[in-house]
Every structure is written in structure tokens, then in C-alpha cells.
Number of protein chains: 2
Amino acid sequence: MNEQLLNRVLRQAEALCARRGARLTPQRRRVLELVCRAERPIGAYELLDQVRDGGKAAPPTVYRALDFLLEQGLIHKLETLHAFIGCTHPDHPHSSQFLICADCGKVTELEDAALLGSLHSAAAESGFSPQRPVIEVIGTCARCAHKPDRPAD
Amino acid sequence: MNEQLLNRVLRQAEALCARRGARLTPQRRRVLELVCRAERPIGAYELLDQVRDGGKAAPPTVYRALDFLLEQGLIHKLETLHAFIGCTHPDHPHSSQFLICADCGKVTELEDAALLGSLHSAAAESGFSPQRPVIEVIGTCARCAHKPDRPAD
DNA sequence: ACCAGGAATGTAACGATATAACAGCCCCAA
DNA sequence: TTGGGGCTGTTATATCGTTACATTCCTGGT
Ligand SMILES: [Zn+2]
Ligand SMILES: [Zn+2]
Ligand SMILES: [Zn+2]
Ligand SMILES: [Zn+2]
């Protein structure tokens with residue numbers, strides 16, 4: 001996430017939390033910023049290292065911040081990677097899908113209505129009521145597909 | 001999985017492995033049977049307890065069997081639960097979807113072509129080549145939706 | 001039958017991810 | 001001012017998964 005987008009996201013986060021009466025404390029804001037600055041999904045313990053930064057901090061510090069940010073929809077958790085990414089459009093609640101490149105590790109967040117529709121149709125046939133769809137697709141991104149070969153294998 | 005289906009699955013597993021030159025050893029067959037007998041997704045350490053059954057066994061024993069069974073498509077892993085279920089139709093390779101009831105824990109395996117189609121379309125728009133789609137839907141199953149209330153909350 | 005050599009298993013230790021439980025702090029509201 | 005709820009600190013522990021290396025088993029070539 002570039003600097004400009006990051007600033008926008010942080011401002012949106014503050015506005016959203018204010019509107020909702022949720023407290024985006026410095027600790028939480030710090031974790032949000034770290035997640036968003038990471039070019040790739042980032043793990044909780046990796047975050048912990050950065051939060052410590054010489055000082056002291058324990059897992060609950062980071063996990064509690066992550067829980068808050070997840071509740072507010074400011075970040076997403078990638079179940080297949082046990083890692084987190086910042087949401088680029090937290091302004092509205094959404095159920096999104098993730099394209100995860102197994103080669104370069106980059107993740108693209110989609111919000112595909114047709115895909116969600118298919119999912120709801122399929123669930124409905126079984127009388128099932130979806131509450132939290134988890135859709136994560138491991139594959140190869142366009143950039144990596146164009147690479148002629150793995151350069152440094 | 002009922003006894004009849006279990007027996008069919010075990011026979012299919014033997015046939016498949018034989019055809020592929022893969023060795024469905026007693027250990028692996030045992031783990032497959034334990035996974036299939038479980039009414040719900042079962043975790044690796046839970047399996048380990050049952051594999052031990054008084055004797056001795058260590059995590060790699062179970063994880064290696066699980067790896068083999070996953071490779072052969074005889075079981076599936078549920079990423080959101082860190083648990084495993086037996087595949088009810090291992091005769092052909094497939095990418096399936098899972099409906100996970102948050103109330104009773106039951107899991108339904110789907111193989112919905114339309115849903116997969118939507119997924120591929122959505123991915124294609126981003127130039128992304130899917131290799132392993134992970135689709136797990138947390139929600140409420142038909143049975144649990146009909147319950148008037150949580151009986152013992 | 002014999003003997004590699006690879007596949008499968010046993011065993012001990014460790015690493016990574018996540019939560020429980022309880023204590024102290026801060027801020028606002030009654 | 002005095003709770004009380006929300007946030008944070010701290011320690012320990014639970015849960016999930018892997019590494020590394022020794023041993024055993026099976027198989028295929030001779
Ligand atoms: Zn998002
Ligand atoms: Zn890539
Ligand atoms: Zn299946
Ligand atoms: Zn249910």
C-alpha cells in the first residue's frame with residue numbers, strides 16, 4: 001500500500017471509528033499502519049517484532065489490536081496464510097475474495113458480486129445460511145505468469 | 001459418515017491407490033478410517049490420541065498420514081477449522097466447497113460448477129490463474145436454522 | 001536368495017500460532 | 001470523587017505443525 005493510499009485509509013479508519021464510537025487507540029492505529037505498510041500479508045508475530053521495536057510487548061498486545069481491526073473491517077485475515085492485510089476500501093462492510101500468488105506472495109482483494117451470488121445460490125440449495133464466506137484462491141498472478149521462468153530457483 | 005459409505009470409501013481408496021502405485025499402508029488406512037468415522041471435522045492431535053490408543057505415537061505419524069491422504073484426495077483440510085474431513089467421493093479429483101455450520105459443527109461438501117465458474121471468471125478478469133481455490137462458508141445449516149432457540153445456552 | 005536403495009515409520013526436540021487468566025491503568029460519567 | 005468499563009501489561013499455557021535424524025520395511029535388480 002503506497003503512502004497516499006495509506007494516509008487515506010488511516011483517515012477513513014479514524015472517521016469510521018469516530019462515527020461508530022469505537023476507539024482507534026494509538027496502539028491499534030500503529031498496528032493498522034504496520035499491516036498496511038507491509039507489501040505482503042503479515043503474520044501476528046512478525047507484527048509483534050515491529051511493535052516491540054526494542055521495547056517489550058507480548059502476543060496479546062498484537063492479537064487484541066488485530067481483533068479490533070478485524071471487527072471494524074479495517075483489515076482482513078487470510079486463513080490459508082495465517083496472516084493479515086489491510087483493507088483498501090474499509091468505508092463499507094463487505095465480504096471479499098482474495099487472489100493469492102503462490103509465486104510472489106502478492107494478494108489482490110476482490111469484491112465480486114457474481115461470485116458471491118453463486119455462493120449464496122449454492123448454499124441456498126442446501127438450506128444453508130452463509131454468515132462468513134471465506135474465499136481465498138491460491139494461484140499465479142498475471143505478472144508471475146509472464147515471467148519466462150523462475151529466475152533464481 | 002455411515003458404515004456403508006465408509007466401506008465404499010475405503011474400497012475406493014484401496015483401488016485408487018493401487019491404480020496410482022501409491023501405498024495405502026495400514027497406518028494410513030487407519031487414519032483415513034478415523035477421519036471418516038468422525039461425525040465432525042477432526043483435528044490432528046485428536047486423531048493422534050485415537051491413533052495412540054494407549055500405545056505411543058508422535059505428531060509426525062499423524063501428519064505424514066494426513067499429507068498422504070490429502071495428496072491422494074481422500075480427505076480434505078478445512079483451513080478455517082484446522083481440521084480434516086473424509087471426502088465422500090474421492091473417485092475423481094475435484095475442487096470442492098464447504099458449508100460449515102457454526103452451531104452444530106456439521107460440514108457439507110459441495111461441488112458446485114457454477115460457483116467454480118464464477119470464481120474462474122472473477123480471477124480471469126485480474127489475469128490470475130487459480131490453482132487451489134479455498135472456499136469455506138461459515139453459517140447456519142438448515143437443521144439449526146429451524147431450531148426455535150438455542151436450547152442450552 | 002541376496003543385497004542395495006528408496007519409502008515408510010519411530011522418536012525427540014523444536015517452532016509457529018493463538019488464547020487464558022489476572023493485574024493494573026486510564027478516562028469518563030454519575 | 002468514586003466507581004466502572006474499556007484498554008493494556010504480563011505470565012503462562014494451549015494448540016497446531018515441522019525439523020532432524022535414526023531405524024525398519026519393502027521392493028526391484030542381480
Ligand atoms: Zn476489504
Ligand atoms: Zn505473483
Ligand atoms: Zn471431496
Ligand atoms: Zn447446524
Side-chain angles (χ1 to χ4, degrees), chain A residues 13-14 17-18 20-35 38 40-72 74-85 105 134 136, chain B residues 13-14 17-18 20-35 38 40-72 74-85 100 105 134 136 138:
Chain A
E14 277 166 8
C17 288
R20 293 170 184 163
R23 292 167 57 188
L24 185 64
T25 64
Q27 186 93 256
R28 291 165 172 172
R29 192 192 148 102
R30 175 126 182 263
V31 170
L32 174 58
E33 186 171 340
L34 288 171
V35 172
R40 308 262 175 275
I42 185 169
Y45 278 71
E46 206 177 337
L47 276 168
L48 181 54
D49 286 341
Q50 296 186 227
V51 165
R52 276 202 267 252
D53 190 31
K56 74 250 150 157
T61 297
V62 151
Y63 278 104
R64 287 194 281 231
L66 289 171
D67 285 346
F68 173 86
L69 297 171
L70 285 169
E71 274 168 22
Q72 300 301 322
L74 299 171
I75 63 174
H76 298 292
K77 173 168 189 177
L78 295 168
E79 299 285 349
T80 53
L81 300 180
H82 306 289
F84 303 83
I85 59 170
V134 172
E136 300 177 12
Chain B
E14 277 166 9
C17 288
R20 293 171 183 163
R23 294 164 59 186
L24 185 64
T25 63
Q27 186 94 255
R28 290 164 172 174
R29 192 192 147 100
R30 175 126 183 264
V31 170
L32 174 57
E33 188 172 339
L34 288 172
V35 172
R40 309 261 175 275
I42 185 170
Y45 275 68
E46 207 176 336
L47 275 168
L48 182 54
D49 286 341
Q50 297 186 226
V51 166
R52 277 201 267 251
D53 190 31
K56 74 247 152 158
T61 298
V62 151
Y63 279 104
R64 286 194 281 231
L66 290 171
D67 286 346
F68 173 86
L69 298 171
L70 286 170
E71 274 168 21
Q72 299 301 323
L74 299 170
I75 63 173
H76 298 291
K77 172 166 189 178
L78 295 169
E79 299 286 348
T80 52
L81 300 180
H82 306 288
F84 304 84
I85 60 170
I100 303 170
V134 172
E136 301 178 13
I138 322 290

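Letters A, B, ... mirror the listed sequences (proteins, then strands); counts begin at 1. These values consider heavy atoms only, across backbone and side chains, with no hydrogens, waters or symmetry-generated copies.
If you measure from atom OH of B:Y63 to atom P of C:dT9, you get 17 Å, rounded to the nearest angstrom. Note: OH (B:Y45) to C1' (C:dA18) measures 14 Å, nearest angstrom. We find that CG of A:L48 is positioned 15 Å from C1' of C:dG15, with the value rounded to whole Å. In this entry the distance linking CG of B:L24 with C1' of C:dA7 reads 15 Å, nearest Å. Between the CZ atom of A:R64 and the P atom of C:dC25 there is a distance of 15 Å, given to the nearest Å. Whole-Å rounding puts the A:E46 CD to C:dA16 C1' distance at 12 Å. Nucleotide C:dT11 holds its C1' atom 13 Å from the CD atom of B:Q27, rounded to whole Å. Atom-to-atom, CG of B:L81 to C1' of C:dT17 comes out at 16 Å; the value is rounded to the nearest Å.
Taking side-chain N and O atoms only, B:R28 has a distance below 4.0 Å to OP1 or OP2 of C:dA8. Under 4.0 angstrom from either OP1 or OP2 of C:dA8 there lies no side-chain N or O belonging to B:T25.
Side chain of A:E136 to main chain of A:E79: a donor-acceptor pair is present (N/O by atom type, distance under 3.5 Å, no hydrogens or angles).
With the nearest nucleotide of DNA chain D identified for both A:T61 and A:H82, A:T61 has the one nearer the 5' end. Comparing B:A58 and A:R23, the nucleotide of DNA chain C nearest to each residue sits closer to the 5' end for B:A58. Taking for each of B:A22 and B:P60 the nucleotide of DNA chain C with the nearest heavy atom, the 5'-most of the two is the partner of B:A22.
Put simply, the side chain of A:I75 does not reach to within 4.5 Å of the side chain of A:V31, judged on heavy atoms. Within the 4.5 Å cutoff, the side chain of B:Q50 has heavy atoms near those of the B:I42 side chain. Side-chain contact between B:Y45 and B:V62: absent, with no pair of heavy atoms (C-beta onward) separated by less than 4.5 Å.
Residues A:A83 and A:G43 approach most closely at CB-N, 4.1 Å, considering heavy atoms.
Protein chain A contacts DNA chain D from D:dG6 to D:dT11, reading 5' to 3' and using non-hydrogen atoms of the protein with a distance under 4.0 Å.
Between B:H82 and A:H82, the angle of the ring planes stays under 30°, which puts this pair in the parallel group of the 30/60° scheme.
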Exercise. Test salt bridge (Lys or Arg N to Asp or Glu O under 4.0 Å) on A:D49 and A:R52 and set out the steps.
Key: CA-CA 5 Å; A:D49 286 341; A:R52 276 202 267 252; 3.5 Å; yes

